[in-house]
Each structure stands twice: as structure tokens, then as C-alpha cells.
Amino acid sequence: MISFLILVGAYALIAWDKIPKVTVVMIAASLIIFLAHASAQQVFSYIDFQVLFLLIGMMIIVHITSRSGVFRWVAIELLRHTKGEPRYILVGLGVITAVLSAFIDNVTTVVIILPIVFTISKELEIDPIPFLMTLILASNIGGTATLIGDPPNIIIGTAAGLNFMDFVHELTGVVTVIFIVSILLLVYLYRKELVFKQEYQDKILLLDNSGSIKDRPLMYKSLTVLFLVIAGFILHNLIHYDAYAIALAGASVLLLFEKPRQVMHEVEWTTIFFFIGLFIVIGGFAEAGGIKLLADKLIHLTAGDRTLTTMFVLWASGFLSAIIDNIPYTVTMVPLIKELKGVMDVYPLWWALSLGACLGGNATIIGASANVVVAEASHARGVNISFYNYFKVGSLLTLVALLISSGYLYLRFLM
């Protein structure tokens, strides 16, 4: 009961969003350790170091690669090819954002693309809101498609023993369908704002991209390592190395050419310690028997029916991830699904959890980290994305995405 109250209290404070998330979970983790008199061995057993090492490795690789300017160069080239047509710009932004988000974390993706959005909207004298909404929604949808695209997938993959190609095989197809439908809906919903102005076409075509690549040798080295790391993820079944080991190896190679102290400053250590604290809180709750109790309740509620359980996990994940951050929610659900392993085939549940947790974050402006980053950065530039205006669009697209996911899960796994 005490561990449950600590868990609920931590979730409530995270949702309240007045105290930094990392502070909340570190205090909660400290309470778990002190009240349970947990030994160091117990505490370390709660922490999934594979997730941490994969995140750290990819953060280092992406940061070093982004310093070369290659991501900005690709984004501007794609926008130049839209020839100043706002609808094409929106589609182009959606595509580049979704593709980047499939291979690098969503926050990094939106940070890379944000300056491009404001440059384009300024040159065309057009409302940036449709493009900002596209940036948020496409980043969360694209991140759902692969193992490394979104932190919930990294957590699920390491817990369930699923590799990079498992995610590509099971999710990339349905996520592509969801992305296409979402982009078409965005073009329709913002049709009045996406007005083409012929006189501004030349401005977009004359955007100077010659200075985007700041360091060509670094670009070649970092892209080579990034492609090799992704190839390693894809060839996991042949080379028999886990994703975290491949990511750390790639990061280590790039650090040979950099100043480690500078690079390490750019690693999002608050995110890493957020994970550490969260793993300890969830681990203490699981060891006290809380996860088993929740699993028993879920089986009772769905009568052990695999179809009902899968749909419950999908829609509950979508709903709750709209209210609270999808990372703590996923960490909580993983041991619960593991607990169901002896009762039913849990393979469909992993994909239901991934789709629900990743796509549900699109429903509200606080549903995922990328949403908050875009909203705060836009506010600093005098553009306000209100909770209500975001919700009108985000909740509709999330509902459509979950309906498509329901049909896919049923046809793929449950018939």
C-alpha cells in the first residue's frame, strides 16, 4: 500500500507539472529505498541498464551528428522542393519529421525542425500554427514506427526481447497508414490557413542552404557511424548483439574524434535520472506485489480474454498517455504484461502498449515531451498554442489513430 501511494503520488505530481519530473521521481525513489530498507543489490536489480545505455549511446551519436548541420541541410532542401506551396510545405515537414523521428528521439527532431518552421512562416507571412501542429503530431507518429524512435518502444523492446526488425515488421506498415491519414486530415482541417501566395514563392526557393553543413568531415564520420548503428539494429538476429551494445559502440567511436567533456554536457542527464528514479519506484511496487495484484484485476476485468485484454491495453494506454507522460506509464505497464505471460499469449499486448502509449501522447499538449518543447519554444517566439486549440485537433487525430490501430491489431493478431 505504501509503495502504491508513493507511485500514485509521483504520478499526480508529474501530471501537476509544477515540480520538475526528475525531482519528483528521485524523491519517490529515495522514499522507496528508505522505507523498504533496500540493499544496493536490490536497487540495481530494479534498474534496466539496457534502456539507459541505449538512450545514452543514441543521444551522443545524434548530438555529434547534428553539430555537422546535416539535419538542417536535409530539412531545407526538402522545403525548397515544395516551391512555396503551403500544403506541400506541410506535407514535406510531416514527412521529414516522421522519418527523422523514426531514427532519433522526438525531442531532438523537433528542436532540429523548429527553426525551419519559423523561417518558412516568416518568409511566407503565414500562420505557423498548422506547421507546428504537424511537427508535433508527425514526430510522435513517426517515433512509433521503430525500436529507437520513442522511449516507450525502447522500454518495451528491451523488456520483451523485441529487436529493431520486429518493430519494423509489426508497426511500420500501420504507422505509415496512420501518418498518411493524419497528414490528409491536417491539410483539410487547416485548409483556410494554408493559402498559397504566389509572390512569396521565390523567397522559399532562394533560401540559402550553402552554409547549413558546418563541418563536412564530421558529417561523413557521424553519418557513417549512424548508418552502421542502424544497420546493426537491423541485423540483430545475425550478429547477436543487443541494441544497447551497438549504440554504445557507435557513440564510443565518435567520441574518439570529439572532446568527451563537451559532448557529455549535451546528454540529457535529467532524462536518464528520470528513468533511474522511475525504475526504482516501479521496481519497489512490483517487489511488494503491486504489479501482480494489478495483473489479477486486469484478468478478472477482461475474463482472461485475449481480444478484450489487447483492446483494453491499447485504449487505456492511449487515454492515460494523453494525461500523463507516456514514459512512466510504459514503465508501469511492462511488468504488468510480463505478469500475464503465464495466463495468455502476451505478444499482441506489447504492440497494443506501444501503439497506445506512443500515439496517445498526441491527444494533449502535455501528452509527450516533444509537445511541451514545441509549445514552450513557440511561446517564447510570441506564438501561443493553447491547450484547447491543440486538443481540438490532437484528440481527433489520436482517436482516428487508435481506431486504425484497433483494426490492425484485430486483423493481425486476434482473428
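We number each residue from 1, following the sequence as shown.
- Residues Val281 and Ala28 share a closest heavy-atom pair of CG2-CB, 3.6 Å.
- The distance from atom CG of Leu114 to atom CD1 of Ile136, rounded to the nearest 0.5 Å, is 8.5 Å.
- Nearest approach of Ser222 to Thr65, heavy atoms of both residues: CB-OG1, 3.3 Å.
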Intermediate values then yes/no, side-chain contact (heavy atoms from CB on, under 4.5 Å), Phe413 and Thr310: CA-CA 10 Å; Phe413 302 110; Thr310 301; over 6 Å; no
As a quick check of understanding, evaluate side chain to side chain donor-acceptor pair (under 3.5 Å) for Trp315 and Ser406, giving each step before the final call. CA-CA 9 Å; Trp315 285 90; Ser406 297; 2.9 Å; yes
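- Rounded to the nearest 0.5 angstrom, Ile148 CD1 and Met58 CE are separated by 4.0 Å.
- Judged by distance alone, the side chain of Ser101 and the main-chain N or O of Ala98 form no donor-acceptor pair under 3.5 Å.
- Here the closest non-hydrogen pair linking Gly149 and Asn106 is O-OD1, 3.1 Å.
- Side-chain atoms of Ile56 and Trp269, non-hydrogen and from C-beta on, do get closer than 4.5 Å to each other.
- Put simply, the residue from Leu314, Leu320, Val313 that forms a side chain to side chain contact (heavy atoms under 4.5 Å, CB included) with Ser317 is Val313.
- Proximity of Ile60 to Glu258: side-chain heavy atoms (C-beta onward) are nowhere separated by under 4.5 Å.
- Between Met333 and Trp350, the closest side-chain pair of non-hydrogen atoms is not below 4.5 Å.
- Using the six-membered ring where Trp is involved, Trp351 and Tyr347 have ring planes that are perpendicular, over 60° apart on the 30 and 60° scheme.
- Two residues are said to be in side-chain contact when any heavy atoms from C-beta on lie closer than 4.5 Å; Thr332 and Tyr329 fail this criterion.
- Crowding of Phe118 atom CZ: a count of heavy atoms from other residues, nucleotides or ligands under 6.0 Å exceeding 12.
- Of the inter-residue distances, the one linking Leu399 atom CG with Asn362 atom CG reads 12.5 Å to the nearest 0.5 angstrom.
- No hydrogens or angles considered: a donor-acceptor pair under 3.5 Å links the side chains of Asn140 and Asn371.
- Thr158 contributes a side-chain N or O that, together with a main-chain N or O of Ile155, makes up a donor-acceptor pair within less than 3.5 Å.
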side-chain contact (heavy atoms from CB on, under 4.5 Å) between Phe131 and Leu194: does it pass, once the steps are laid out? CA-CA 10 Å; Phe131 303 136; Leu194 300 173; 3.9 Å; yes
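- Between Phe257 and Pro217 the shortest side-chain heavy-atom distance does not fall below 4.5 Å.
- Arg67 places no side-chain N or O within 3.5 Å of a backbone atom of Ile64 that could act as its donor or acceptor partner.
- Between Asp345 and Arg306 there is a salt bridge, with a side-chain nitrogen of the basic residue lying less than 4.0 Å from a carboxylate oxygen of the acidic one.
- Enclosure of atom CG in Leu301 by more than 12 non-hydrogen atoms of other residues, nucleotides or ligands within 6.0 angstrom is indicated.
- With Val175 as reference, Thr144 is the one residue of Val168, Thr144, Thr146, Leu359 to meet the side chain to side chain contact (heavy atoms under 4.5 Å, CB included) rule.
- Atom CG of Leu5 sits about 11.5 Å away from atom CG of Leu31, to the nearest 0.5 Å.
- Other residues, nucleotides and ligands place more than 12 heavy atoms under 6.0 Å from the CZ atom of Phe49.
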Set out, in order, the CA-CA distance, both residues' side-chain angles and the distance that settles side-chain contact (heavy atoms from CB on, under 4.5 Å) for Leu293 and Phe285, then state yes or no. CA-CA 10 Å; Leu293 180 63; Phe285 181 58; over 6 Å; no
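- Tyr408 contributes a side-chain N or O that, together with a main-chain N or O of Glu170, makes up a donor-acceptor pair within less than 3.5 Å.
- Taking every heavy atom of both residues into account, Pro335 and Ile282 meet most closely at CG-CG2, 4.0 Å.
- Between atom OG of residue Ser139 and atom CD1 of residue Ile96 there is a gap of 13.0 Å, rounded to the nearest 0.5 Å.
- Not a single donor-acceptor pair under 3.5 Å links the side chain of Glu77 to the backbone N or O of Val74.
- Under the side chain to side chain contact (heavy atoms under 4.5 Å, CB included) test applied with Val225, the options Val229, Leu223, Leu228 reduce to a single match, Val229.
- Contact annotation: the side chain of Ile183 approaches that of Phe179 to within less than 4.5 Å [non-hydrogen atoms, C-beta and beyond].
- Across Met344 and Gly304, no two heavy atoms sit closer than the pair CE-O, 3.7 Å.
- Judged purely by atom type and a 3.5 angstrom limit, Asn163 uses its side chain to pair as donor or acceptor with the backbone of Met165.
- Closest non-hydrogen pair, Leu171 versus Ser354, comes out as CD1-OG, 3.3 Å.
- By the neighbour-count criterion of 12 heavy atoms within 6.0 Å, atom NZ of Lys214 is sparsely surrounded, having that number or fewer from other residues, nucleotides or ligands.
- Proximity of Ile246 to Ile239: side-chain heavy atoms (C-beta onward) are separated by under 4.5 Å at one or more points.
- Atom OG1 of Thr330 is separated from atom CG of Leu353 by 5.0 Å, given to the nearest 0.5 angstrom.
- Contact of the Leu254 side chain with the Leu218 side chain is not registered, since no non-hydrogen atoms from C-beta on lie closer than 4.5 Å.
- Listed for the Thr364 side chain is a donor-acceptor partner under 3.5 Å among the backbone atoms of Ala322.
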Go through it in stages, so that I can follow the logic: the residues are Met264 and Leu255, the test is side-chain contact (heavy atoms from CB on, under 4.5 Å), and I'd like the CA-CA distance, side-chain angles, deciding distance and then a yes or no. CA-CA 10 Å; Met264 291 302 175; Leu255 283 173; 3.9 Å; yes
